[in-house]
**Q** 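What follows is a structure written as structure tokens; I'll ask about it next.
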Amino acid sequence: MSPGHRYGFGFWSIAVVFLTVIAFSTVPGPLYTLYRERDDFSALVVTIVYAAYSVCAVVSLVLAGHLSDSHGRRRVLVPALLLEIAAAVIFLFWPSLPGLIVARSLTGLGIGAFTSTATAWLGELHAAHRPRATNRRAQVVGTASNMWGFGVGTLLSGALAQWAGHPLTVPYLVFVIVLVVGLLLVLAAPETRAPMSPRARYRPQRVSVPHHVRGRYLAAATGMFVVFAAFGLFTSVAPSYLSGPLHHPSVALAGAVTFVVFTSAVAAQLATSMIGVRRLLTTGIPILLVGLALLVAAVWLPTPSLGGFLIGGVVTGLGGGILFRGTLSTVVTLAPENARAEALAGLFVAGYLGLTIPVIGLGLLMRYSTPQVGLLVFATALALTVIATAPALLCRTGDTDGRTPAPLFSEVSAFPLATALQDGRER
């Protein structure tokens, strides 16, 4: 195989493994209702299990996401994949609550290191395979592998649980096999970053806020918090709404709903790739608000509407995908190049707090009130938060007057702290 073909093979291999690992991270989502029925979990326990994943993911991103720069891509990706395989095995053989928490924690630790490394590796493999081409293909493939993986994982998990029998075993068994195949693909892909010699002294990825634009930066971070919280609804407790107020307990349907939400988010990001920052924000905010309103209306109707909930999910995905790009592009525009990595790290810390705190709050509300009241309070809190921060976020002070910033690979990525940090370090 010629060097060019080897890099092309490596590019698509890492893309497939990337999608597979992200998909595995969402496998438990449609199954939570089955765990609850078996062990009498509360919605709060489900959100705690989910929070273990998101907390460990951000810890891994900050502590290990940058290590492949000095150690090589494969040397970080292989241990990350082994963590995912270990998590799948724990799901299979330790299905009680402690096992779920341990498995989700390992999944988060692996995802953090994997995402950063795989995103950087994809860009380098593409450049080596097509040195004269733009990075557009790498952007599209990175986006699809990243965010679409969230939807593919829930869709496949729900379908296997619904129709393959042994719903709490078969999905994990399938992914053990697929992840092992992915490990072989990673071992076969050509390395693009040789280990540094001597290696730089270890330090965690720095997290900082640009002082001269702190108000607008904090508004962008708040927007990212809201976006992640809205997506967290669909990857954690949405199946509880389908099986509860909406009276549709199918795990296949639960997976399909999440798939549709994330697919709409990917489509929105790709469709707005050439739109300026201000227009992204003024478009994404109202669409997200409408989506949240539709979700609440769907469960508060005299006869709760599955169709309304699906439409609300699609609209929320569209608005969240656009607002995601808008807040990310805002920080890229505001932060100086020598501090971009640190600024983006702070942005995504806010995002992962959004995956954790509001979802736990929703779990508490569902425990002590009705699911309808819980969703109403959750959606209202997100809506008021994004409305309150909109004036600061849309302020033109210190930006480029709405112009699209210089192209950045991470701007169209969907789980993108990795690439953003990589870009900031290399600049």
Side-chain angles (χ1 to χ4, degrees), residues 10 13-27 51-90 102-125 142 145-147 149-150 153 175 178-180 182-187 189 191-196 199-207 341-342 344-345 347-349 351-352 355-356 409-410 413-426:
S13 295
I14 299 304
V16 169
V17 179
F18 197 175
L19 186 146
T20 300
V21 170
I22 297 295
F24 170 67
S25 73
T26 65
V27 167
Y53 160 79
S54 57
V55 169
C56 288
V58 73
V59 168
S60 179
L61 279 164
V62 172
L63 296 182
H66 59 297
L67 291 182
S68 69
D69 288 347
S70 56
H71 290 72
R73 307 305 183 201
R74 186 181 296 109
R75 289 189 179 187
V76 174
L77 216 60
V78 168
L81 259 175
L82 291 175
L83 284 175
E84 302 300 317
I85 293 170
V89 172
I90 290 173
V102 171
R104 288 302 278 164
S105 298
L106 290 179
T107 303
L109 291 173
I111 281 288
F114 186 96
T115 303
S116 55
T117 304
T119 310
W121 203 357
L122 270 178
E124 293 168 353
L125 288 166
S145 300
N146 213 326
M147 183 169 273
F150 287 101
F175 270 90
V178 174
L179 288 169
V180 170
L183 180 61
L184 298 176
L185 290 175
V186 168
L187 292 172
E191 179 62 81
T192 56
R193 179 64 64 95
M196 293 176 60
R199 293 195 183 102
R201 183 179 178 182
Y202 172 78
R203 65 169 177 82
Q205 172 62 52
R206 293 191 181 98
V207 176
E342 288 80 5
L344 288 165
L347 180 70
F348 281 92
V349 167
Y352 278 97
L355 274 182
T356 306
F409 179 79
S410 63
S413 183
F415 193 138
L417 176 58
T419 312
L421 300 186
Q422 175 69 20
D423 183 90
R425 283 191 301 275
E426 292 184 348

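Scope of the values below: all heavy atoms of this structure, side chains included, with no hydrogens, waters or symmetry mates.
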**Q** Please answer whether the main-chain N or O of A57 pairs with a side-chain N or O of S60 as donor and acceptor at a distance below 3.5 Å.
**A**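 Not confirmed, S60 side chain does not pair with A57 backbone.
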**Q** For residues W121 and V186, determine if any side-chain heavy atom of one lies less than 4.5 Å from a side-chain heavy atom of the other.
**A**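 A side-chain contact exists here, since the closest heavy-atom pair is under 4.5 Å.
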**Q** Any sub-3.5 Å donor-acceptor pair from T26's side-chain atoms to A23's backbone N or O?
**A**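 It does hold such a pair.
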**Q** Would you tabulate the side-chain donor-acceptor contacts of residues 76-88 under 3.5 Å, counting partners in other chains and residues two or more places apart, or write 'none'?
**A**
| unit_1 | atom_1 | unit_2 | atom_2 | d |
| --- | --- | --- | --- | --- |
| E84 | OE2 | I111 | N | 3.1 |

**Q** How many angstroms lie between CZ in F114 and CG in L61, if you round to the nearest 0.5 Å?
**A**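 Between atom CZ of F114 and atom CG of L61 there are 12.5 Å.
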**Q** What are the two closest heavy atoms between A118 and I14, and how far apart are they?
**A**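 Looking at all heavy atoms of both residues, the closest pair is O-CG2, 4.0 Å.
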**Q** Closest approach of R73 and E124, non-hydrogen atoms and distance?
**A** NH2-OE2, 2.5 Å
**Q** Report yes or no: does T115 contribute a side-chain atom to a donor-acceptor pair with the main-chain N or O of G112 at less than 3.5 Å?
**A** no
**Q** Return the set of residues passing side chain to side chain donor-acceptor pair (under 3.5 Å) with S54 (not counting sequence neighbours), or none when no residue passes.
**A** T356
**Q** Which atoms form the tightest heavy-atom contact between L185 and S13, and what is the distance?
**A**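 Scanning both residues completely, I find the closest heavy atoms to be CD2-OG, 3.9 Å.
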**Q** Any idea which heavy atoms bring I22 and S25 closest together, and the distance?
**A** O-OG, 2.5 Å
**Q** Kindly give the heavy-atom pair with the smallest separation between S68 and R193, and that separation in Å.
**A** O-CG, 3.6 Å
**Q** If you measure from CG on L109 to OH on Y53, what distance do you get to the nearest 0.5 Å?
**A**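 Interatomic distance, L109 CG to Y53 OH, rounded to 0.5 Å: 11.0 Å.
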**Q** Check the pair Y202, L63 against side chain to side chain contact (heavy atoms under 4.5 Å, CB included), reporting the backbone distance first and the verdict last.
**A** CA-CA 9 Å; Y202 172 78; L63 296 182; 3.7 Å; yes
**Q** Quick one, V55 with Y352, criterion side chain to side chain contact (heavy atoms under 4.5 Å, CB included). Give me CA distance, side-chain angles, the key distance, then yes/no.
**A** CA-CA 7 Å; V55 169; Y352 278 97; over 6 Å; no
**Q** Are any non-hydrogen side-chain atoms of F24 and V178 less than 4.5 angstrom apart?
**A** no
